[in-house]
Amino acid sequence: MSVVEHHKKLPEGSIEKRTTTLNLGPTHPATHGVFQNILEVDGERIVDAEQTVGYIHRAFEKIAERRPLYQITPLTDRMNYCSSPINNMGWHMTCEKLLGITMPKRVDYLRIIIMELARIADHLICNSVIGVDTGAFTGFLYVMQYRELIYEIWEEVCGSRLTTNIGRIGGFERNFNDISFRKLEKFLNEYPAVLKEFENLFTRNRIFMERTQGVGGIAADRALNYGFTGPNLRAAGVDYDVRVHSPYSSYDDLEFEVPVGKTGDVYDRFLVRNEEMRQSLSLITQAYQKVQEFKGKDAEVFHADTPEYYLPEKEDVYTKMEALIYHFKIIMGETVMPAGEVYHCVEGGNGELGFYLISDGGRTPYRLHFRRPCFIY
Amino acid sequence: MALTNEQIKLRLQEKFPEEVTGFEEPFGMLTFSAPKELNLKVLQFLYDDTELKFQFLTTLCAVHYPEKMGEELTVVYHLHNLVDNVRIRFKVTTDIEKPDVFTITNIYEAANWLERETYDFYGINFVGHPNLRRILNVEEMDYFPMRKEFPLEDQTRRDKDDEMFGRGGSNFFN
């Protein structure tokens, strides 16, 4: 009989109770977010927990029902602020699927570069913060300067760093400048050595291994039943990756491997994330090579040719009639979208991030549902 | 041999000739619906069948159509067959006056929180759910905020006093 079952049979306040009830949160440095846990702990092992989430619920799905498509992008930023470009682009791709826009190859590769940088930034935080929680601060500080470099690249591309609101429906707001490519090259040159050193600090570190191995392990079938996706599912040994299973944005042109773990415990998740950062680096290198192959006029393509949905250049707005009309219609939210329902998903930093958009042919979504990888399990 | 939408459709029609209806394929994803009393049977069949193997619940959500009398609320299940990599969408509709739908937590554990959330925002009563309480909103709330009868604030309203934000009072424009 498990401890929990044993307890259910005991009267209230019984001294036979073998566990301790512990309140963790709503704010606690180890939860990295605002939610409350009422834990039943048996020594150091958590046997039961009751969570209260929703302290920072922001009703995005409701707000989105009133906004034109381009105004929903800033909402998606806030869903996972460690890798907001993935969310932004996932949303843009959902809209493009509904509106029937085909993207130029160069934009796809540029998007892959940005999305993989976001994945690295996300995994880097996750893995280094595990270090902080288990008592190793050094790794965290050490990789943080490379997250800074990633943010500088985004800053060159879109002007902001954390909640990026990067790109638009149909592409990017401007072409990548030289500085962003120089910074990207610097990152690609320097980061592999940093990642190596980061792994040296952790992977075979006895203290780290003892504190993470066998903690939170889960079997593959149970993980699937609970709706796990992303690195946590892969650590349990299922090679499900949205980039492979439903390729979007030209991921099928590039070569990469999907790392899998075995036991699904914290240590395996750590290893999977580390290896994914390697694969992301390789993806960025390949995509960057493909971007460099575009010469002359092709190297200036940074958005699809869809004037109805893509916000025109400011200069054109002042000088051209059509551009002025489209600008007005887009900004005032007067563009109608075709009726239909579409589900599109991307591989976010922590799992399958899906957008289920129902349009009734109006100016705003009739219903927008986000499949949030973390809420589900 | 990969599983196609056509095969899934035939297999379903074989098993539920009358009940499963409304086959569509928007953007390549097979969509169909069934009466709400049968949602468990259909999902269990989709889960257990050796050909179909829809054993992964991607997401679950509800939609409110106020103008459809008697079937105002729709529950949408997104399922994924990870072996053959096929996605499908399954819908059941229910009356808003009596929004009872059977829970699917016995088949997919992932549905636990998703059903709580759907209950929280649309008021769908998932019969048999182990812990059907509000999840994101406060428990004292007595309405279901995602229903269409609660519109968002009119962005052009002028009666609001936003002196606090340095934009003058409510009669700033008059």
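By convention in this document, chain letters (A, B, ...) are assigned in the order of the sequence lines, proteins followed by strands, and residues within each chain are numbered from 1.
Proximity to chain A (any heavy atom under 4.5 Å) is shown, for B/Leu82, by both the backbone and the side chain. Interface remark: B/Arg147 contributes backbone atoms only to the contact with chain A (heavy atom separation under 4.5 Å). For A/Glu341, the parts lying near chain B are the backbone and the side chain together; criterion is any non-hydrogen pair under 4.5 Å. Only the side chain of B/Arg87 comes within contact range of chain A, with heavy atoms under 4.5 Å apart. For A/Arg222, no part lies near chain B; criterion is any non-hydrogen pair under 4.5 Å. No part of B/Asp120 comes within reach of chain A, as not one of its non-hydrogen atoms sits under 4.5 angstrom from that chain. Of the two parts of B/Val138, neither the backbone nor the side chain holds a non-hydrogen atom closer than 4.5 Å to a non-hydrogen atom of chain A. Both the backbone and the side chain of A/Tyr226 have a heavy atom closer than 4.5 Å to some heavy atom of chain B. When heavy atoms are compared at a cutoff of 4.5 Å, B/Ala111 does not approach chain A at all. For a residue to count as touching a neighbouring chain, one of its non-hydrogen atoms must lie under 4.5 Å from one of that chain's; by this rule A/His245 touches chain B with backbone and side chain alike.
Rounding to the nearest 0.5 angstrom, the gap separating the CG atom in A/Leu368 from the CG atom in A/Leu357 is 6.0 Å. Atom OG1 of A/Thr94 and atom CE of A/Met89 lie 13.0 Å apart (nearest 0.5 Å). Rounded to the nearest 0.5 Å, atoms CG (A/Asp77) and CG (A/Asn165) are 5.5 Å apart. To the nearest 0.5 angstrom, A/Asp241 atom CG is 4.0 Å from A/Glu347 atom CD.
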Q: Show your working on side-chain contact (heavy atoms from CB on, under 4.5 Å) between B/Glu72 and B/Lys148 and close with a plain yes or no.
A: CA-CA 10 Å; B/Glu72 287 95 344; B/Lys148 293 282 178 189; over 6 Å; no
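Interface check for chain A: of the options B/Asn112, B/Ile135, B/Leu57, the most heavy-atom pairs under 4.5 Å are formed by B/Ile135. Top candidate by heavy-atom pairs under 4.5 Å with chain A, chosen from B/Cys61, B/Pro26, B/Pro151, is B/Cys61. Of all the listed residues (A/Thr229, A/Leu98, A/Ile56, A/Asp360), the one sharing the greatest number of non-hydrogen pairs under 4.5 Å with chain B is A/Leu98.
Among the residues in residues 27-55 of chain B, those with a non-hydrogen atom closer than 4.5 angstrom to a non-hydrogen atom of chain A are B/Phe27, B/Met29, B/Tyr47.
Heavy-atom neighbours of A/Gln51 CD from other residues, nucleotides or ligands within 6.0 Å: above the threshold of 12.
Looking only at side-chain heavy atoms (C-beta outward), A/Ile331 and A/Leu311 come within less than 4.5 Å of each other. Side-chain contact check for A/Asp108 versus A/Asp253: every heavy-atom pair is 4.5 Å or farther apart. Counting only heavy atoms from C-beta outward, the side chains of B/His78 and A/Arg371 never approach each other to under 4.5 Å.
Taking the six-membered ring where the residue is Trp, A/Tyr366 and B/Tyr65 present parallel rings, their angle staying beneath 30° rather than reaching 60°. Note: B/His64 and B/Tyr122 have perpendicular aromatic rings, judged against thresholds of 30 and 60 degrees for the angle between ring planes.
In this structure, A/His57 has its ring center under 6.0 Å from that of B/Phe121.
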